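First up is the structure itself, then whatever we jot down about it.
Position 1 is the first residue of the sequence; numbering continues from there. Remember, it's a predicted structure, so these values are computed and weren't measured experimentally. Indexing begins at 1, ligand by ligand and atom by atom, following the structure's order.
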Amino acid sequence: MAITVPLESQQRTVALTFDDLPANTIRGPDAYDTILEPIMYDLQNLGVPAIGFVNESKLYDGDRIVRDHVRLLERWLEAGLALGNHGYEHLDLHTTSLATYLNDIDRGGEVTGNLLYQRGRALEFYRHPMLHTGTTLAIRDSVSGHLTATGMRVAPVTIDNQEWIFARAYERAVVCEDAQAQRDVADLYVAYMDTMTGYYEAQSRAIVGREIPQILLLHANQLNADYLSPLLERYRRRGYQFVTLEEALADPVYSRTDTYSGQGGITWLHRWALTDGKGGSFFAGEPSVPDIVQYLYNAARTAC
Ligand SMILES: [Zn+2]
């Protein structure tokens, strides 16, 4: 008789990726260290690898580079974490000329590339802002060709999510000193990410026929600064081990044919599904953001 192993006890792997370093915040550059320090502390403390994707325009005050911001990135590397390029100004490929976009990639790796070079490492990964990889295959391939020519490769995502909506709602509650709203949003966030991960586990089984090493998209924001540990605990409970982006990408699934181009900033699982002719209702069941969080997100532009 076959023994069925519960899914939760299976070995799963996930690579953590944080976008918008040094931080994505409505509070301005003064909040960068308040956000990034606890994230790197938790990662180092838990022995969890991660890569952070930098927008180098945030390192400058006008034309002047801000030493404290660069120092934050140095501490991130000293904590054993990796850095990648997320574009100098976080441009949207779908509303930017190709020449401007490629120039933004090159400029976006100057400081980070130097920090890595000083440590005997190289800038290897590029993450497209908004996961916008090109509305045509010609544009997409021009960008990836440029990355290859400069020694980089694309950092895909397989677990996309609307964490950024929770984060904006949460940071508004921080600014407004609303402790109850902070706790409510954070609890809903951790539960939502758990459900979302289950959704992408199922999508992986349906699209690839097995669970692949997942690549999770997060941002360097106050919500993760405060709630990374409980979030990672949920992953551990689902049977996950944390691996580097390189380790995840060593799985052969990441050389799978992908002919996707279009407006959507979608996951690589869904790119592979569309390449295989699957779509529409196939993607149904993606967890939604709770109404209260959406309400608080919408209120984020208004005064407390
Ligand atoms: Zn981003």
With F125, the side-chain contact (heavy atoms from CB on, under 4.5 Å) member among H86, M152, E246
E246
Can you name the one residue among Y170, F166, W164 that meets ring-ring contact (aromatic ring centres under 6.0 Å, His included) with Y189?
F166
Has E177 got more than 12 heavy atoms of other residues, nucleotides or ligands less than 6.0 Å from its CD?
no
Contact flag D19/the Zn ion (ligand 1), N/O/S atoms, threshold under 2.8 Å
no
Would one find an N, O or S atom of H219, in either backbone or side chain, under 2.8 Å from the Zn ion (ligand 1)?
no
Cluster overlap V66 with L21, hydrophobic side-chain contacts below 4.5 Å:
no
What is the name of the N/O/S atom in D20 that sits closest to the Zn ion (ligand 1)?
OD1
